[in-house]
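Presented below is the structure to which this report refers.
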Amino acid sequence: MLAGFLLNLPVLILLNKCTNIIPKGVMAKDFSTREENYSKWYNDIVQRAELAENSAVRGCMVIKPYGYAIWENMQSALDKMFKDTGHSNAYFPLFIPKSFFSKEADHVEGFAKECAIVTHYRLKNDPDGKGVIVDEDAKLEEELIIRPTSETIIWDTYRNWVQSYRDLPILVNQWANVVRWEMRTRMFLRTAEFLWQEGHTAHATKEEALQETYQMLDVYADFAENFMAIPVLKGIKSENERFAGALETFCIEALMQDGKALQAGTSHFLGQNFAKAFDVKFASKEGKLEYVWATSWGVSTRLVGALIMAHSDDHGLVLPPKLAPIQAVIVPIYKNKEQYDLVCSKARDIKANLEKQGIIVKFDDRDTHKPGWKFNEYEFKGVPVRIAIGPRDVENGTVEIARRDTLTKEVVGVDQVSETVSSLLVDIQQTLFQRALAFRKENTRTADSWEEFKALLDDKGGFIMAHWDGTAETEQKIKEETKATIRCIPLDDVKEAGKCIFTGKPSERRVVFARAY
RNA sequence: CGGGGUGUAGCGUAGCCCGGUUAGCGCGCCUGCUUUGGGAGCAGGAGGUCGCAAGUUCGAAUCUUGCCACCCCGACCA
């Protein structure tokens, strides 16, 4: 008994002081858990963390300030990476003449079924009464497609930009919105209109274009892992999943907490398809006319969905510090005006010190909400670090610091706040990545038979490494029977002889299968 | 576009089958007092074209028909 008592004592003190784990029942009231209903959990986070909401327009969402701030952080990190690799931004029209689309056969076929089309340019008052109707006299001679992607308008433009090898390469990116008329939509993951960036480059040689394709894939993987804290697999898409008009599509694939895969970015080697379709030729050093080699690459607001599904928990959103709109929040605790003034003055000092370290801090001195309410609010919104300061702290020269990723709290001296928060932010970023990496490892399995493959898909989900005979027909049949697709053929794989799980035909390597978003 | 479901206050809902007071409740909102170290309490208050339109009826949130919107499941997709 005594020994037990002695042994327990230090543990209790430790719990009290440093690893005060927040009681579970107290939080996440009337909020779905991942276990109960994963898609409801996802929607609850999007709505209650104020990332986005449904709009009056079917399939389109309103991205709210907090959600947009995450996208802006993604944009600025990516934009810098694009500029660092020699790219410049430009802007091309939202509208694309219909005829442009028919110039590249695969491209039309890929996008035709989900295009929004502008047919008229004027409205008039409804003669029968209220409202306005389309003025049939104002029909466009050539209909305009609202861009689902910009290859056609861009390559039509590049024709005029390129004459000599001296004009190459063209390394352009655009930040834009695109429209794909989807049947079923989900916040961030698939909406009729979405925001993205699309890089479109033109090169003199195949090698250089391929080099660009790989380089941008690396940029995306780097961004996913170092900013989003999401480990990704780099790979090549199978023919079925290839971009319409590309010779080769490369991608980064991430694994979400429900075991489904999500394509987080793509980089396409377009060969000379678009150059031929739009007649983009250049005179080489040798004086020969040659077609230009092309790439295109993009990531979209879908990444916000990936971020949510990769890290968040049953208490709400969890954001990696590098993309969090607010990295640390300070919540004052007080009973009366005197205490409020005292605590707030300390809090403002702390805020100023943190800002000197380049930390994005919010000091929530609103008197309209109680501390407990604020704790829950910021927890729900995924703010990485919370600092609480009350009269007791002022007296002791301390503050309470809580971290969102582990939901633990510790008390530190006021003079250590900046240092502690700085290192916490680094640590949280790391922890999130390591946690996601461990999850992916646990959920990456191999299957060597059709039965095993189906059982794994239904019981566990995740990435399944399996042999495939390399044909589109087999992939299609597997998809029809199991809803799983080949996410990618990994770039860094090891060759391994085996037999296709579906047809038994010989295979040289394993590919990654999963059910996907 | 097929199959299923739901539309009642900002949100979530009861009432509908079996038509009949002033459409009820919770959250949120407003005011006041007490509170403030994990979603405060009490008291008072505001807020409704019952998705839209027609029909049946003395009378419709409730019954009928049509339309619209949204959600879920398929086909399609990043």
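Throughout, protein chains are lettered first and strands after them, A, B, ... in sequence-line order, and every chain is numbered starting at 1. The structure displayed is predicted, hence computed values, not measured ones. Scope of the values below: all heavy atoms of this structure, side chains included, with no hydrogens, waters or symmetry mates.
Residue-to-nucleotide contacts include a donor-acceptor pair under 3.5 Å from the side chain of A/R48 to the base of B/rG39. Between the side chain of A/K370 and the base of B/rG37 there is no donor-acceptor pair of N/O atoms closer than 3.5 Å.
If you run salt bridge (Lys or Arg N to Asp or Glu O under 4.0 Å) between A/R386 and each of A/E410, A/E400, A/E377, only A/E400 comes through. Under the side-chain hydrogen bond (donor to acceptor under 3.5 Å, both in side chains) rule, A/W297 has a single partner from A/E212, A/Q197, A/E198, which is A/E212.
For the pair A/F463/A/N443, no side-chain contact is recorded, criterion being any heavy-atom separation below 4.5 Å from C-beta on.
A salt bridge links A/K234 to A/D218: at least one charged side-chain nitrogen sits closer than 4.0 Å to a carboxylate oxygen. A salt bridge is defined here as a Lys NZ or Arg NE, NH1 or NH2 lying under 4.0 Å from an Asp or Glu carboxylate O, and A/D364 with A/R366 meets this definition. Taking 4.0 Å as the cut-off between side-chain N and carboxylate O, A/E253 and A/K237 count as a salt-bridged pair.
Residue-level contact check: A/D393 touches the bases, meaning some heavy atom is under 4.0 Å from a base atom.
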Exercise for review: Could you run through nucleotides 73-78 of chain B and give me one letter per nucleotide, 5' to 3': B if any protein heavy atom sits under 4.0 Å from the base, S if only the sugar-phosphate is that close, - if neither?
Suggested key: SSBBBB
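Put simply, NE2 on A/H369 is 16 Å from C1' on B/rG38, counting in whole angstrom units. In this entry the distance linking NZ of A/K64 with C1' of B/rG10 reads 11 Å, nearest Å. Going from atom CD of A/E377 over to atom P of B/rG28 covers 13 Å, rounded to whole Å. Straight-line distance from the CD atom of A/E53 to the P atom of B/rC11: 10 Å, rounded to whole Å. Distance, A/H315 NE2 to B/rG39 C1': 14 Å, rounded to whole Å. The nearest whole Å value for the distance from the CD1 atom in A/I333 to the C1' atom in B/rU35 is 14 Å. To the nearest angstrom, P of B/rG37 lies 17 Å from CG of A/N396. The distance from atom OH of A/Y42 to atom P of B/rC71 is 14 Å, rounded to the nearest whole Å.
Nucleotides B/rU8 and B/rG4 are separated by 22 Å at their P atoms, to the nearest Å. A gap of 34 Å separates the C1' atoms of B/rG15 and B/rG2, to the nearest Å.
Of all nucleotides listed (B/rG39, B/rC71, B/rU36), B/rU36 comes nearest to the side chain of A/P371.
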Practice item. List the steps and the verdict of side-chain contact (heavy atoms from CB on, under 4.5 Å) for A/F250 and A/L491. Key: CA-CA 9 Å; A/F250 297 85; A/L491 286 182; 4.1 Å; yes
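Applying the Watson-Crick and G-U wobble criteria (two distances, each under 3.5 Å), B/rC52 pairs with B/rG66. When both pairing distances are held under 3.5 Å, B/rA60 makes no Watson-Crick or G-U pair with any nucleotide shown.
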